[in-house]
A.B. asks: 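Quick one: the structure is below, and I'll ask about it shortly.
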Number of protein chains: 2
Amino acid sequence: MNKAEILIIDDEPQIRKLLQINLESNGYKVWQAENGLEGITMAANHPPELILLDIGLPDKSGHEVLKELRMWYGKAIIILSVLDNEDDVVQALDNGATDYLTKPFRTAELLARIRASIRRNETTELRSKDEFDDLSIDYAARVILKNNEPVKLTATEFNLLALFTRNEGRVLTHRYLLKEIWGVGYQMETQYLRVFVSALRKKIEDNANRPKHLITESGVGYRFV
Amino acid sequence: MNKAEILIIDDEPQIRKLLQINLESNGYKVWQAENGLEGITMAANHPPELILLDIGLPDKSGHEVLKELRMWYGKAIIILSVLDNEDDVVQALDNGATDYLTKPFRTAELLARIRASIRRNETTELRSKDEFDDLSIDYAARVILKNNEPVKLTATEFNLLALFTRNEGRVLTHRYLLKEIWGVGYQMETQYLRVFVSALRKKIEDNANRPKHLITESGVGYRFV
DNA sequence: GCGCATTTTTCCAGGATTTTAAAACGCGGT
DNA sequence: ACCGCGTTTTAAAATCCTGGAAAAATGCGC
């Protein structure tokens, strides 16, 4: 088998070095980033088979990085952390981490967990970019182009649109959209959706009164076409 | 969503009880087996969404059970063990275990790892669709195609049609249809059905006067063919 | 603390869907 | 051919849902 590529995102050079030696001697190709932003960029330019992510990064919390990666990166992300806090573990796993290991970790176990994660990769495939007619969306860079012109969206607007484009053609119910963007507990706040869908239509539709992308399914939800 | 089913294979009754209480209070349906053989049989007769497997079983070593299960069982298997032996972890993961937790485990973490594992199960599942002659229905996307052209249905119309297609060939009584779509208390409102069946026929039949899909069973109900 | 961008609330008009009511139809029996 | 009965169709009224505008609250960077 040819070398699987692994990206390490960790601010401690010693840890990176240690991981690099272990991984390379087991036939992996290793890339390194020393903070979250760099890691996201590298992953976007050259998506690896697996990401090892330290949760205690200097620029962004590892949880933030994890969430951003998970918007478009479908393969394995293993969290490494000095924290053995149960809340962190739960939060990371619920944000889409594949596994969570506490430092110091046992090398053979880490390698086995890496093998297990890569083995299960094949099924999931997410794109980091999408094109729809006059729209293009880059999930990693969080950039939208309409007729090749950049469109400025707020954070919530982008998240909502990304959720739609990831589910092209499907009806997404009000409950589902609210749960995904605002979290459980907001599932009754349908007025939020109206406001934000309306804002999105103004920005991405040729004619917001006659939307061709964001279609309302009365009584159910919305659909992106 | 309906309850995911989890099978516990563990010889210690206290552990099974503890797991059962935790899992059931989190909305899972729990099955139990007290040894490897029984576990394999139960999993074969009624494949669960996830298996919790103790590695220290009396009849076979848990590693054996794991290998046998993996010959045909594709979904998540989480290993629970009192052993914190690195070799056991590595062996289990390399034999196809989804995860490995050491007893005593933290409950919230176990639940999070279960959620993560079940989530991965789902992504590999196919989208539920049905095809009937000139009609195709995608339940998740809420899309109907007639001769490959999308047909616009209102929420109630779609729900009603989906109920019919899920029960192809069967006569559904007026009472049953009304209960499923409008709820108990509407079982006398046969008018509603007549109005909506008529609307559906206009949209999905070639000739609404001579329906080939939505057949009237006079005095009883309707049948989808 | 101030100013700006964004998110959360509120309100109401207009639109779409569901409900209600009534008329038209089809079919078997006489 | 006519009647009766259940079904289908139509169209109105009632209800519910959505979109727009804009004020209030919040968060964020300086």
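Order of the sequence lines sets the chain letters (A, B, ...), proteins ahead of strands, with each chain counted from 1.
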A.B. asks: Select one nucleotide: of dA16(C), dG6(D), dG19(D), the one nearest the side-chain heavy atoms of Ser218(A).
C.D. replies: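 Closest nucleotide among those given: dA16(C).
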
A.B. asks: Assess the residue pair Leu52(A) and Asp10(A) against the criterion (side chain to side chain contact (heavy atoms under 4.5 Å, CB included)); give the C-alpha distance rounded to whole Å, side-chain angles, the decisive distance to 0.1 Å, and a yes or no.
C.D. replies: CA-CA 8 Å; Leu52(A) 290 175; Asp10(A) 196 320; over 6 Å; no

A.B. asks: Looking only at side-chain N and O atoms, does Lys202(A) come under 4.0 Å of OP1 or OP2 in dG19(D)?
C.D. replies: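 No.
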
A.B. asks: Scan side-chain atoms only and decide if Arg201(B) and Thr216(B) contain a donor-acceptor pair under the 3.5 Å cut-off.
C.D. replies: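 There is such a pair between these side chains.
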
A.B. asks: Mind checking Thr156(A) for me? I need base, sugar-phosphate or nothing, with any heavy atom below 4.0 Å counting as a touch.
C.D. replies: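 Sugar-phosphate only.
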
A.B. asks: Looking at Trp182(B), I'd like to know whether one of its side-chain N or O atoms comes within less than 4.0 Å of OP1 or OP2 on dT18(C).
C.D. replies: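 It does not, given that no N or O in the side chain of Trp182(B) lies less than 4.0 Å from OP1 or OP2 of dT18(C).
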
A.B. asks: For the side chain of Tyr192(B), starting at C-beta, report the closest nucleotide among dT8(D), dT10(D), dT19(C).
C.D. replies: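 Shortest atom-to-atom distance from the side chain points to dT19(C).
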
A.B. asks: Could you give the CD-to-C1' distance, from Glu157(A) to dT8(C), as a whole number of Å?
C.D. replies: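 Answer to the nearest Å: 14 Å.
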
A.B. asks: Classify the nucleic acid contact of Tyr222(B) as base, sugar-phosphate or nothing, counting any heavy atom under 4.0 Å across all strands shown.
C.D. replies: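 Sugar-phosphate contact only.
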
A.B. asks: From dT17(C), dT18(D), dG20(D), pick the nucleotide closest to the side chain of Thr216(A)?
C.D. replies: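 Nearest nucleotide to the side chain: dT18(D).
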
A.B. asks: What's the CG-P distance between Leu160(A) and dT6(C), to the nearest Å?
C.D. replies: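 About 15 Å, once rounded to whole Å.
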
A.B. asks: What integer distance in Å separates Ile181(B):CD1 from dT17(C):C1'?
C.D. replies: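 My rounded result for the distance is 15 Å.
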
A.B. asks: Closest to the Phe196(A) side chain: dT9(D), dT9(C), dT7(C)?
C.D. replies: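 That would be dT7(C).
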
A.B. asks: Please report the distance, rounded to the nearest Å, between CG in Leu200(A) and P in dT6(C).
C.D. replies: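 It is 13 Å, rounded to the nearest whole Å.
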
A.B. asks: Take the protein atom CG of Leu193(A) and the nucleotide atom C1' of dT7(C), then report the distance between them rounded to whole Å.
C.D. replies: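 Going from Leu193(A) (CG) to dT7(C) (C1'), I get 13 Å.
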
A.B. asks: Given dT18(C), is OP1 or OP2 found less than 4.0 Å from the side-chain N or O atoms of Thr154(B)?
C.D. replies: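 It does, given that an N or O in the side chain of Thr154(B) lies less than 4.0 Å from OP1 or OP2 of dT18(C).
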
A.B. asks: Measure from NZ on Lys203(B) to P on dT8(D) and round the result to the nearest Å.
C.D. replies: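 Result: 18 Å.
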
A.B. asks: Given atom CD of Gln191(B) and atom P of dT17(C), what is their separation to the nearest angstrom?
C.D. replies: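 Atom CD in Gln191(B) sits about 21 Å away from atom P in dT17(C).
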
A.B. asks: The side chain of Val195(B) lies closest to which of these nucleotides: dT17(C), dT10(D), dT7(D)?
C.D. replies: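 The listed nucleotide nearest to Val195(B)'s side chain is dT10(D).
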
A.B. asks: Which nucleotide sits closest to the side chain of His174(A): dT18(D), dT7(C), dA22(C)?
C.D. replies: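 Looking only at side-chain atoms, His174(A) lies closest to dT18(D).
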
A.B. asks: Check Arg120(B), Arg115(B), Lys29(B), Lys75(B) against Glu49(B) for a salt bridge (Lys or Arg N to Asp or Glu O under 4.0 Å) and give me the one that passes.
C.D. replies: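 Per the salt bridge (Lys or Arg N to Asp or Glu O under 4.0 Å) rule, the option paired with Glu49(B) is Lys75(B), out of Arg120(B), Arg115(B), Lys29(B), Lys75(B).
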
A.B. asks: What nucleotide among dT7(C), dG20(D), dA22(C) has an atom nearest to a side-chain atom of Asn209(A)?
C.D. replies: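 So the nucleotide nearest the side chain must be dG20(D).
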
A.B. asks: To the side chain of Arg194(B), which of dT7(D), dG19(D), dT9(D) is closest?
C.D. replies: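 Of dT7(D), dG19(D), dT9(D), dT7(D) is nearest to the side chain of Arg194(B).
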
A.B. asks: Give the nucleotide from the list dT18(C), dT7(C), dT18(D) with an atom nearest to the side chain of Ala155(B).
C.D. replies: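 Of the options given, the side chain of Ala155(B) lies nearest dT18(C).
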
A.B. asks: With a 3.5 Å distance limit and no angle check, can you tell me whether Asp138(A) reaches the backbone of Ala141(A) through a side-chain donor-acceptor pair?
C.D. replies: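 Yes, Asp138(A) side chain to Ala141(A) backbone: donor-acceptor pair under 3.5 Å.
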
A.B. asks: Would you please test Arg113(B) and Asp99(A) for salt bridge (Lys or Arg N to Asp or Glu O under 4.0 Å) and show each step?
C.D. replies: CA-CA 8 Å; Arg113(B) 287 187 183 269; Asp99(A) 207 336; 2.8 Å; yes

A.B. asks: Round to a whole Å and report the spacing from NZ of Lys152(A) to P of dA5(C).
C.D. replies: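 Atom-to-atom, Lys152(A) to dA5(C), this comes out as 8 Å.
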
A.B. asks: Inspect the contact between Asp84(B) and Arg106(A) and indicate whether a charged nitrogen and a carboxylate oxygen are less than 4.0 angstrom apart.
C.D. replies: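 Result for this pair is yes, salt bridge flagged.
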
